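All figures in this text were calculated on a predicted structure; none of them were measured in a lab. Naming: A, B, ... by sequence-line order, numbering from 1 per chain. Side chains included, hydrogens not; waters and symmetry mates left out as well; all remaining heavy atoms used.
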Number of protein chains: 2
Amino acid sequence: MGKRVVTEAKRQRRRPTRQGQVLSEQLFVDTALRLLAQEDGQGLSVRRLAAALGTDPSTLYRYFRGMDDLTLAIGDELMRRAVAGWRATGRWRSDLRELGLRVHASYLAHPQAAVLTASRVSGRIHEVAADEVILGILRTAGFGDRDAVRIYHAFVDQSLAFAVLDAASLALPRTAREADEAMWQTTYARLPAATHPHIAATSRHLIAHMNTSAYPSALDMLLDSAQAQLADVQGAVGDQ
Amino acid sequence: MGKRVVTEAKRQRRRPTRQGQVLSEQLFVDTALRLLAQEDGQGLSVRRLAAALGTDPSTLYRYFRGMDDLTLAIGDELMRRAVAGWRATGRWRSDLRELGLRVHASYLAHPQAAVLTASRVSGRIHEVAADEVILGILRTAGFGDRDAVRIYHAFVDQSLAFAVLDAASLALPRTAREADEAMWQTTYARLPAATHPHIAATSRHLIAHMNTSAYPSALDMLLDSAQAQLADVQGAVGDQ
DNA sequence: GACGCGATGGCAACGGTGTTGGCGTAAGGC
DNA sequence: GCCTTACGCCAACACCGTTGCCATCGCGTC
């Protein structure tokens, strides 16, 4: 899975493309992310990626098994960027919070990529490294192995899940996004209190939350629960 | 957004297709879900859907604006099925838990559909109805409007987000799913303790959690936190 | 220094996708 | 009985991921 088509040893000999680019796996990934980041770019495709590199679509298959393989590589690159430069402070709760927010932000910076990639467990190097860090934080904080794994699982999947969900709406074509927004205004703001009293009573708050992610909120609630569990087991205090 | 192409009033006159089917919006949605549920079906496409109905691909556009519109209709149908037959018990915590699990399960029953649809805020009738119910549960339980909306937001988005994430891995083609599974076994089970001590120490628990969703766990943690907040505000007890 | 061979880039094609315009026809309304 | 209109169908378009095939370049070997 995700094995390179060509061994690294042979990668010495390179031929520049017709327009002078020297291709590499990393260059494909970087260019793909650049394409996906373009505001009104129509998304990633093998053909557009090849065009951006001034080469032929078929050339991609010299470096990746296919689109799926490229997708996994993009996901791992996002994870690398998410934790790049991060340093642990030793306070488990704020460390976890910071890590979660970083992953979330990294994916949101490339919404289209997130949608493509985040559902895959790639097992690539940077993802494994992140998993080791998170488990380390929890076990060092005093959680037992069973609890640590359970919280790790909930934490990681929650971060990825919100990243996918939030990225998915960002990744919508602008027309669809505007339509959704208008729908919210007209539907939820003007619902009669007779039929939908609770929505009508809270519509002001609902609209305020409309375009903001619920992830920080959900993350804090997860950490609340974890901290309470830790306090239950030990009589001691957790972090901060 | 999602407005029908043809007014309902005109829908009286129907002509059967060449193979005798009488088409309708509902029939398209049901057939699409049936296609998506097929174990080794290659997913949904306009052409396959048309073929399953014994009609022409272009006929779909008489009933929906396009694939995106059909997608929203499918999502709303999933929501309808999720809450069909549900009854409130009056205990807010177990009511919310039951609702969350139902939505999650409903989406997982049609993974491909979930991937397509759950990222869209459709604002269709069954989704609005579910929102009203959830807000009602929270406000009746004693949460203030601000807190109710915040918890509603986290609860709904978390349920959808996990549904998408979990469905996405279920929706993978069988080859990719088996590859991911093998990758877990070889990567996480046999990682040397020297380089990855925390993964190595907990690998038994990690593997055990591998194919199970973290959603129930995360849901309980969210409800934990909400209950603690409620207990903070009132001196009273919440539910159960 | 010439050769051979394998790695690489480019061309053309295949089967698939969502979508559109136009044509015939059958069903109501008047 | 006519006319309008909704509907099913055909053909075509542009795009997608993928795959043989061929030309060419670069390095190791003799």
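Computed from coordinates, the E25(A) CD to dA7(C) P distance equals 17 Å when rounded to whole Å. Atom pair L27(B):CG and dG8(D):C1' shows a separation of 14 Å (rounding to whole Å applied). A straight line from CZ of F28(B) to C1' of dC7(D) spans 11 Å, rounded to a whole angstrom. Protein atom CG of L49(A) is 9 Å distant from nucleotide atom P of dG17(D), rounded to whole Å. dC9(D) atom C1' lies 5 Å from atom CG of D56(B), rounded to whole Å. Separating the CG atom of D69(B) from the P atom of dT19(C) is a distance of 10 Å, rounded to the nearest angstrom. Computed from coordinates, the L60(A) CG to dC16(D) C1' distance equals 13 Å when rounded to whole Å. Taking atom OH of residue Y63(A) and atom P of nucleotide dA7(C), one finds them 13 Å apart after rounding to whole Å.
The side chain to side chain contact (heavy atoms under 4.5 Å, CB included) check on V103(A) picks up M79(A), A82(A), Y107(A), with sequence neighbours excluded.
Proximity of S45(B) to the phosphate of dG16(C): no side-chain N or O atom is located under 4.0 Å from OP1 or OP2. In this structure, R48(B) reaches the dT17(C) phosphate: one of its side-chain N or O atoms is under 4.0 Å from OP1 or OP2. Between Y61(A) and dG9(C), a side-chain N or O to OP1/OP2 separation shorter than 4.0 Å is absent. In terms of phosphate contacts, T55(B) brings no side-chain nitrogen or oxygen within less than 4.0 Å of OP1 or OP2 of dG8(D).
The shortest distance between side-chain heavy atoms of T59(A) and L53(A) does not fall below 4.5 Å.
Between atom OG1 of residue T31(B) and atom CZ of residue R48(B) there is a gap of 14.5 Å, rounded to the nearest 0.5 Å. Remark: L191(A) CG to E132(B) CD distance equals 7.5 Å, nearest 0.5 Å. Distance check: L49(B) CG to F28(B) CZ gives 6.0 Å after rounding to the nearest 0.5 Å. Here the CD atom belonging to Q26(B) is positioned 5.0 Å from the CD atom belonging to E77(B), to the nearest 0.5 angstrom.
Put simply, the side chain of R47(B) and the base of dG16(C) share no donor and acceptor less than 3.5 Å apart.
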Within the sub-3.5 Å range, which N or O atoms of nucleotides 21-23 of chain C have a protein N or O partner, and how far apart are they?
residue: dG22(C); atom: O6; partner: R62(B); partner atom: NH2; Å: 3.3

Exercise answer: donor-acceptor pairs, residues 151-160 of chain B side-chain atoms, under 3.5 Å, sequence neighbours excluded:
residue: Y152(B); atom: OH; partner: D131(B); partner atom: OD1; Å: 3.4
residue: Y152(B); atom: OH; partner: D131(B); partner atom: OD2; Å: 3.3
residue: H153(B); atom: NE2; partner: D157(B); partner atom: OD2; Å: 3.3
residue: Q158(B); atom: NE2; partner: A218(B); partner atom: O; Å: 3.3
residue: S159(B); atom: OG; partner: F155(B); partner atom: O; Å: 2.8
residue: S159(B); atom: OG; partner: Y215(B); partner atom: OH; Å: 2.7

